[in-house]
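Only one structure is covered here, and it is reproduced in the block below.
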There are 2 protein chains.
Amino acid sequence: MSCITTLTRTLRQRGYRMTPQRLAILQALHDVGHLTPAQVYARVRATGMTEATVYRTLDFLAENDVVRVADRGSGHLAYELAGEDHHHLICRACGAQQEIPAEVLRGMLDALEGHTGYRLNAGHLTFFGLCPICQESFTAEPVYEIVGG
Amino acid sequence: MSCITTLTRTLRQRGYRMTPQRLAILQALHDVGHLTPAQVYARVRATGMTEATVYRTLDFLAENDVVRVADRGSGHLAYELAGEDHHHLICRACGAQQEIPAEVLRGMLDALEGHTGYRLNAGHLTFFGLCPICQESFTAEPVYEIVGG
DNA sequence: TTGGTTATTGATAAAATTATCAACAAGGAA
DNA sequence: TTCCTTGTTGATAATTTTATCAATAACCAA
Ligand SMILES: [Mn+2]
Ligand SMILES: [Mn+2]
Ligand SMILES: [Zn+2]
Ligand SMILES: [Zn+2]
C-alpha cells in the first residue's frame with residue numbers, strides 16, 4: 001500500500017483532508033531533500049497554488065509530524081519529509097553540512113530526559129561549529145581578545 | 001572597569017563602533033532576559049530608533065558573539081546577552097520552559113566533536129518535548145496510530 | 001580641538017510571513 | 001450518485017523582516 005495512502009488515512013482519522021495542494025508539496029519534498037518555503041513554491045507554482053498555501057501547508061504538515069522543520073541559520077526555515085531521525089551539523093565558516101544519525105545522540109537525549117523528566121522529541125537538532133578545515137584558518141585569530149599588533 | 005567599556009574596546013579593535021543605539025539595545029537585553037526584536041523595539045522606541053536598526057543591531061551583536069540567538073518555536077527569534085552558557089527545554093503542549101546548564105550537555109558535545117571532528121559552539125540549543133504534567137494528558141492519545149473507536 | 005575617513009543610522013522600498021474571510025471542495029452519510 | 005458539513009484554499013490585507021542608499025556621526029590621526 002502506497003505511502004500516500006497511509007498518510008491520507010492518518011490525516012482523515014484526525015479529522016483532516018487530503019488535497020492536491022498537500023500532495024504536490026509532499027511530492028516536492030520527496031523529490032528534493034530540504035526545501036525552504038520559497039523553494040517549495042518554485043516547484044509547485046505551476047499548479048496555481050498560492051504562496052500563503054505553501055506556508056500554511058508546511059506548517060500544518062510539521063504540526064502533524066509529517067515533515068520536520070530545521071533552523072539552519074540561513075534565515076529561512078527548511079522542511080523535509082519525516083524519515084529516519086537525524087540531526088544536522090553546519091560549519092559556520094564555510095557552510096559545510098554533515099548529517100548526524102539519531103543513534104549518535106540517543107544516549108545524550110536519554111540522559112537529558114532522566115535529568116529533566118521531560119519526554120523529548122526525537123529529532124532534527126542543528127549544531128553549529130567549525131569543520132576540521134576551517135579550524136586551522138581560525139586558530140591564528142581567536143574570536144575574543146584580539147590583541148592587535 | 002565597566003562591562004560596557006570592555007565591550008566597546010572589543011568592538012573598536014574589530015573596526016566597529018559603539019553607538020547610543022547599540023547601548024540602548026544592550027541595556028534592554030540586560031534589564032530583561034530573552035527578547036524578540038519587537039520586544040526590544042518596544043523598549044527603545046522612545047529613543048527614536050528605527051525598527052530596521054533593531055534588527056540590524058541584534059544581528060550584528062549576534063554575529064560578534066555579544067548576544068545569543070534562539071529559535072524557541074514561537075516564530076520569532078529570541079535574543080539575550082551572552083553570559084553563562086545554557087540551553088533551553090520547552091514543552092510543546094503547555095509552553096513550560098526550563099533552562100539546562102551547559103555542563104549537563106558538555107559530555108555529549110565533547111563526544112559529538114570527537115565523532116565528527118568539528119569544533120562545536122558552546123551554546124544555546126533548544127530542545128522540545130513534553131513536560132511531566134503534559135505527558136499524562138497525552139498518554140491516552142498517541143500522536144501516531146490513532147485507531148479510533 | 002579640528003578635520004577626514006567610513007561605519008552606522010534613518011528613511012524608504014522591497015520581500016517574506018502571517019492573518020482574515022468568503023468561496024470552494026473533500027469526504028462522510030444517505 | 002447526491003447532499004451536507006466543514007476543513008481548506010485563494011484573494012487580500014496586515015505584519016514582520018530584509019535590502020538600498022544618502023545623510024549622519026563615531027573615532028582616529030593631525
Ligand atoms: Mn534534516
Ligand atoms: Mn537563553
Ligand atoms: Zn568549514
Ligand atoms: Zn507541559
Side-chain angles (χ1 to χ4, degrees), chain A residues 4-26 28 35-64 66-67 69-79 146 148-149, chain B residues 4-26 28 35-64 66-67 69-79 146 148-149:
Chain A
I4 288 297
T5 306
T6 306
L7 174 57
T8 300
R9 175 162 30 190
T10 301
L11 289 183
R12 285 180 185 164
Q13 286 172 337
R14 298 183 195 178
Y16 302 124
R17 298 171 185 175
M18 181 53 69
T19 67
Q21 289 86 351
R22 288 176 179 171
L23 278 177
I25 290 177
L26 287 170
L35 289 176
T36 66
Q39 292 170 325
V40 169
Y41 179 63
R43 291 185 158 262
V44 301
R45 66 182 313 169
T47 69
M49 193 184 323
T50 310
E51 281 188 273
T53 299
V54 172
Y55 285 102
R56 260 185 321 221
T57 302
L58 289 173
D59 189 58
F60 167 83
L61 294 174
E63 210 70 39
N64 285 88
V66 177
V67 306
V69 201
D71 177 4
R72 304 156 94 200
S74 73
H76 300 279
L77 295 177
Y79 296 81
I146 296 175
Chain B
I4 288 296
T5 305
T6 306
L7 175 56
T8 300
R9 174 162 32 190
T10 302
L11 289 182
R12 285 181 186 163
Q13 286 172 338
R14 298 183 195 177
Y16 302 124
R17 299 170 184 175
M18 180 52 71
T19 68
Q21 290 84 352
R22 287 176 179 170
L23 278 177
I25 290 177
L26 287 170
L35 290 175
T36 66
Q39 292 171 325
V40 169
Y41 180 63
R43 289 184 159 263
V44 301
R45 66 180 312 169
T47 70
M49 193 184 323
T50 311
E51 281 189 275
T53 299
V54 172
Y55 283 102
R56 260 184 322 220
T57 302
L58 289 173
D59 189 57
F60 167 83
L61 294 174
E63 210 69 40
N64 285 87
V66 177
V67 307
V69 202
D71 177 4
R72 304 156 95 200
S74 72
H76 301 279
L77 295 178
Y79 296 81
I146 296 177

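Numbers restart at 1 for each chain; the letters A, B, ... are given by sequence-line order, proteins then strands.
- Rounding to the nearest 0.5 Å gives a distance of 5.0 Å between CG of B:Asn64 and CZ of B:Arg14.
- Distance B:Asp59 CG to C:dT8 C1': 14 Å, rounded to the nearest Å.
- Taken from CZ in B:Arg9 to CD1 in B:Ile4, the straight-line distance is 13.0 Å, to the nearest 0.5 Å.
- The shortest distance between side-chain heavy atoms of A:Leu58 and A:Pro37 falls below 4.5 Å.
- To the nearest 0.5 angstrom, A:Leu11 atom CG is 9.5 Å from A:Thr19 atom OG1.
- At distances below 3.5 Å, not a single donor-acceptor pair connects side-chain atoms of B:Arg43 with backbone N or O atoms of B:Ala24.
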Return the polar atom pairs (N/O with N/O) between nucleotides 16-20 of chain C and the protein under 3.5 Å, or none.
unit_1	atom_1	unit_2	atom_2	d
C:dT17	OP1	A:His76	ND1	2.9
C:dT17	OP2	A:Tyr55	OH	2.0
C:dT17	O5'	A:Tyr55	OH	3.1

Between protein and nucleic acid, restricted to nucleotides 23-27 of chain D and to nitrogen or oxygen atoms under 3.5 Å apart, what atom pairs and distances do you find?
unit_1	atom_1	unit_2	atom_2	d
D:dA26	O3'	B:Met18	O	3.3
D:dA26	N3	B:Arg17	NH1	3.1
D:dC27	OP1	B:Arg12	NE	2.9
D:dC27	OP1	B:Arg12	NH2	3.2
D:dC27	OP1	B:Met18	N	2.7
D:dC27	OP2	B:Arg12	NH2	2.6
D:dC27	O5'	B:Arg12	NE	3.4

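- Between A:Met49 atom CE and C:dA25 atom C1' there is a gap of 15 Å when expressed in whole angstrom units.
- In this structure, the CZ atom of A:Arg45 is 17 Å from the C1' atom of D:dT9, given to the nearest Å.
- As rounded to whole Å, 15 Å separates atom P of C:dG27 from atom CZ of A:Arg14.
- Comparing the axis of the opening five pairs of the helix from C:dT1-D:dA30 to C:dA30-D:dT1 with that of the closing five pairs yields an angle of 30°, rounded to 10°.
- At least one side-chain heavy atom of A:Met18 sits under 4.5 Å from a side-chain heavy atom of A:Leu23.
- In terms of modelled atom types and a separation under 3.5 Å, the side chain of B:Thr50 and the main chain of B:Ala52 share no donor-acceptor contact.
- The distance between atom CG of B:Leu11 and atom P of C:dT8, rounded to the nearest whole Å, is 8 Å.
- In this entry the distance linking CG of B:Asn64 with C1' of C:dT8 reads 14 Å, nearest Å.
- Atom pair A:Arg9:CZ and C:dG27:P shows a separation of 13 Å (rounding to whole Å applied).
- The side chain of B:Thr53 places no N or O atom within less than 4.0 Å of a non-bridging phosphate oxygen (OP1 or OP2) of C:dT9.
- Expressed to the nearest 0.5 Å, how far CG of B:Asp71 lies from CG of A:Leu77 amounts to 6.5 Å.
- Taking the side chain as every heavy atom from C-beta outward, A:Leu26 and A:Leu7 approach each other to under 4.5 Å.
- D:dG10 atom P lies 11 Å from atom CZ of A:Arg22, rounded to whole Å.
- Between A:Thr53 and A:Ile25, the shortest heavy-atom contact is O-CD1, 4.4 Å.
- Contact check, B:Gln21 against C:dG10: a side-chain N or O comes under 4.0 Å of OP1 or OP2.
- One distance of note links CD of B:Glu63 with OG1 of B:Thr57; it measures 13.0 Å at 0.5 Å rounding.
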